[in-house]
Amino acid sequence: MKFQKGISLLLCMSMVLGCLTGCGDNAESENIDEQTNEYPFKIEDLDGYVFTVADSNVSRWFPEEGSSDIANAVINRVDKVEELFNCTIERIDFNEEEAQNAANAGSKYADIVVCETWMLGRFLKARRLLDLAQLEGLNLDTEYWQRYGSVNILQYQDKIYAVGAPFACQHDEAFVMFFNKAIIEELDLESPYDLYARDEWTMSKLLEYCQAAKKDLNGDGVFDGNDRYGFVCGHSEDGPGVLYNGAGKKFIREGEDGHFEFELNTKDAFRVVNQISEILDPFENAYDTYSLGMEPPDIVNLFVNGQTLFYCYSRGRGFADPIYDMTDDFGVVPMPRGDDSEPDGYQCWVSHDAPIMGIFANNPDIEKTVMIVEALAYFAQEENEIEENEYLNLKLRDDTAREIVKNINKYAMADYAWIGQQCAGGFYNLVNVLRDVTMKDRSKKIMSSIQAIEKEVETGIQELEDIMLQKDTVQ
């Protein structure tokens with residue numbers, strides 16, 4: 001009897017030890033898996049899951065193989081993610097009507113959307129986008145998101161509805177200022193590089209340099225479109241806005257209490273608008289491309305041909321490309337800061353045409369979506385580094401310009417006014433009033449023109465805030 005009990009005891013001990021050993025093996029296996037996973041994101045076998053991207057830009061996902069090093073890196077990014085997760089990535093052209101129909105039906109349209117920033121307001125009003133800050137596994141504070149995503153420019157309070165993603169990088173859509181070095185030397189002016197290095201590249205300096213640059217190139221005694229001026233913006237209607245934002249001002253701002261504040265109607269904003277009006281004085285300081293009806297492809301040639309000291313635009317979409325082959329040497333600085341801005345308070349507006357990524361609501365596969373998005377962001381670093389190095393080394397001509405452009409993301413900013421245009425009232429007039437008083441109809445009084453739209457803007461601001469907070473008051 002004692003023998004049988006002994007055998008039973010031994011068997012029990014063996015089973016317990018076996019269990020412990022097995023558990024130890026599993027724990028060790030899990031630890032090994034964690035240690036051998038070289039990537040900072042979760043990986044799972046998704047059993048052939050189809051990840052759908054709504055993006056009309058084919059080259060962001062399926063470029064022609066071998067067409068460039070960047071194209072090969074994009075292909076590698078997609079292939080790597082498909083391999084790691086056992087999934088398939090497909091792209092469809094974004095169609096707003098189809099997205100709306102899916103939202104109304106409560107069905108899935110796509111995992112993510114990549115579109116132009118100005119569309120964000122429409123998505124928010126229709127509640128089609130998830131708050132990215134609440135999605136576990138989406139690590140927006142990592143270096144690769146921060147460096148290549150411009151995540152700091154499109155959020156409200158603690159909510160983030162859409163971001164510039166590493167695979168939809170916004171760096172080339174940040175506005176910068178190109179300057180002609182030959183004209184700087186001719187006028188015996190201090191280089192904008194030196195002003196920037198001392199943190200003295202300001203709106204007042206821009207105006208001073210523009211006033212010095214005016215020259216009757218053909219010697220006919222008449223200042224017209226054949227002569228030289230100080231400033232031109234790559235798209236005529238963008239000039240007032242990018243100078244205003246560059247000076248550290250916003251149409252509306254998130255206040256310390258977390259609520260929107262109307263800033264264009266303040267005394268500080270008024271002083272900046274006056275400066276902008278001087279800088280954009282047609283046929284005095286700025287080339288009047290608006291009255292002449294000039295478009296971006298022709299405007300850039302004014303700078304290339306030495307008819308303007310400064311050219312302000314983003315390097316995206318190819319309009320600035322003729323600059324890289326111009327005869328005169330050129331440099332690049334950020335947009336000038338406001339005279340009263342904080343030290344190093346430069347602001348470079350990111351075009352409302354810049355790509356932006358959001359994750360759709362009505363998605364039953366959100367965990368899978370987030371895993372794949374995070375992996376895509378991680379692997380997109382390769383293509384961004386290739387593009388950055390090619391641009392810096394092949395397009396720019398000096399190390400200072402390279403350093404500034406490489407780090408331009410720290411100055412990237414957006415303004416809620418451009419989002420509000422698509423979902424709330426009053427915002428079109430808010431943007432247009434700045435264009436009117438500084439460029440389109442300079443006979444208008446600045447303060448009275450702004451005051452005339454205050455009431456409708458204040459109503460629109462409250463409507464936008466409710467939309468951003470997804471309050472039920474939104475109709």
Side-chain angles (χ1 to χ4, degrees), residues 150 152-153 173-179 192-193 195-211 213 230-255 260-281 284-286 308-314 332-352 404 407-418 427 430-440 442 446-447 449-450 457:
S150 302
N152 60 314
I153 66 173
E173 287 292 354
F175 274 60
V176 294
M177 193 79 86
F178 295 86
F179 66 92
Y193 283 157
L195 296 173
Y196 172 69
R198 295 198 308 270
D199 199 20
E200 296 175 5
W201 173 229
T202 63
M203 290 283 285
S204 289
K205 276 296 181 182
L206 172 63
L207 177 57
E208 176 188 330
Y209 278 36
C210 286
Q211 290 169 337
F231 175 87
V232 73
C233 184
H235 191 287
S236 301
E237 296 198 358
D238 287 338
V242 296
L243 287 170
Y244 179 76
N245 287 147
K249 302 301 176 186
K250 292 190 175 183
F251 293 96
I252 60 171
R253 180 185 296 277
E254 186 180 339
F260 284 139
E261 298 174 353
F262 186 19
E263 186 169 352
L264 186 60
N265 64 346
T266 63
K267 290 182 179 179
D268 287 341
F270 173 73
R271 285 192 288 269
V272 171
V273 175
N274 262 325
Q275 280 186 310
I276 294 171
S277 183
E278 285 190 82
I279 291 168
L280 296 182
D281 188 357
E284 191 63 38
N285 298 319
T308 180
L309 172 55
F310 296 106
Y311 172 82
C312 158
Y313 210 50
S314 70
V332 185
V333 286
M335 298 300 299
R337 68 174 180 84
D339 295 345
D340 299 325
S341 297
E342 294 294 323
D344 198 35
Y346 299 97
Q347 301 282 293
C348 295
W349 180 63
V350 176
S351 170
H352 58 274
I404 289 171
N407 295 296
I408 202 68
N409 195 44
K410 71 178 181 178
Y411 301 134
M413 62 82 63
D415 195 301
Y416 291 109
W418 306 100
F427 284 93
L430 176 59
V431 173
N432 285 335
V433 73
L434 179 61
R435 291 170 175 162
D436 284 344
V437 299
T438 61
M439 185 176 63
K440 292 184 177 181
R442 294 166 55 84
I446 295 174
M447 284 307 296
S449 297
I450 294 172
V457 170

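- With contacts defined as side-chain heavy-atom distances shorter than 4.5 Å, the pair Leu195/Tyr209 qualifies.
- Nearest approach of Ile276 to Thr438, heavy atoms of both residues: CG2-CG2, 3.9 Å.
- Within the 3.5 Å criterion, the main-chain N or O of Glu278 finds a donor-acceptor partner in the side chain of Asn285.
- Residues Phe175 and Asp238 form a side-chain contact, since some pair of their non-hydrogen atoms from C-beta on lies under 4.5 Å apart.
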Arg337 and Glu342: CA distance, side-chain angles, deciding distance, salt bridge (Lys or Arg N to Asp or Glu O under 4.0 Å) verdict | CA-CA 9 Å; Arg337 68 174 180 84; Glu342 294 294 323; over 6 Å; no

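- Rounded to the nearest 0.5 angstrom, Leu434 CG and Tyr244 OH are separated by 7.5 Å.
- Salt-bridge formation is not detected for the pair Lys250/Glu261: no Lys NZ or Arg NE/NH1/NH2 atom is positioned less than 4.0 Å from an Asp or Glu carboxylate oxygen.
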Show your reasoning for whether side-chain contact (heavy atoms from CB on, under 4.5 Å) applies to Lys249 and Val273.
-> CA-CA 10 Å; Lys249 302 301 176 186; Val273 175; over 6 Å; no

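- Ring geometry for Tyr311 versus Phe178: interplanar angle of 30 to 60°, hence tilted.
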Kindly determine whether Asp344 and Tyr411 satisfy side-chain contact (heavy atoms from CB on, under 4.5 Å), including the steps that lead there.
-> CA-CA 9 Å; Asp344 198 35; Tyr411 301 134; 2.8 Å; yes

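- Note: Trp349 and Trp418 have tilted aromatic rings, judged against thresholds of 30 and 60 degrees for the angle between ring planes.
- Here the CG atom belonging to Leu243 is positioned 10.0 Å from the CD atom belonging to Gln275, to the nearest 0.5 angstrom.
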After noting the C-alpha distance and the side-chain angles of Asn274 and Arg271, does the key distance pass the side-chain contact (heavy atoms from CB on, under 4.5 Å) rule?
-> CA-CA 5 Å; Asn274 262 325; Arg271 285 192 288 269; 5.7 Å; no

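- The shortest non-hydrogen separation linking Ile408 to Cys348 is CD1-SG, 3.8 Å.
- Looking at every heavy atom in both residues, Trp201 comes nearest to Met177 through CZ2-CG, 4.3 Å.
- Rounded to the nearest 0.5 angstrom, Phe231 CZ and Leu207 CG are separated by 11.5 Å.
- From Asp415, atom CG reaches atom CD of Gln347 across 10.5 Å, with rounding to the nearest 0.5 Å.
- Checked against the 6.0 Å centroid threshold, Tyr196 and Tyr346 count as a close aromatic pair.
- Here the CE atom belonging to Met335 is positioned 11.0 Å from the CE atom belonging to Met413, to the nearest 0.5 angstrom.
- Across all non-hydrogen atoms, the minimal contact from Pro336 to Leu206 is CG-CD2, 3.7 Å.
- Between Val437 and Ser277, the shortest heavy-atom contact is O-OG, 3.9 Å.
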In sequence, state the C-alpha distance, the side-chain angles, and the governing distance for Phe251 and Phe427, and then conclude on ring-ring contact (aromatic ring centres under 6.0 Å, His included).
-> CA-CA 9 Å; Phe251 293 96; Phe427 284 93; 9.1 Å; no

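- Counting all heavy atoms, side chain and backbone alike, Ser341 lies closest to Ala247 at OG-O, 3.1 Å.
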Quick one: do Ser449 and Asp436 satisfy side-chain contact (heavy atoms from CB on, under 4.5 Å)? Show the steps, please.
-> CA-CA 9 Å; Ser449 297; Asp436 284 344; over 6 Å; no

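- A distance of 9.0 Å separates CZ in Phe179 from CG in Leu309, rounded to the nearest 0.5 Å.
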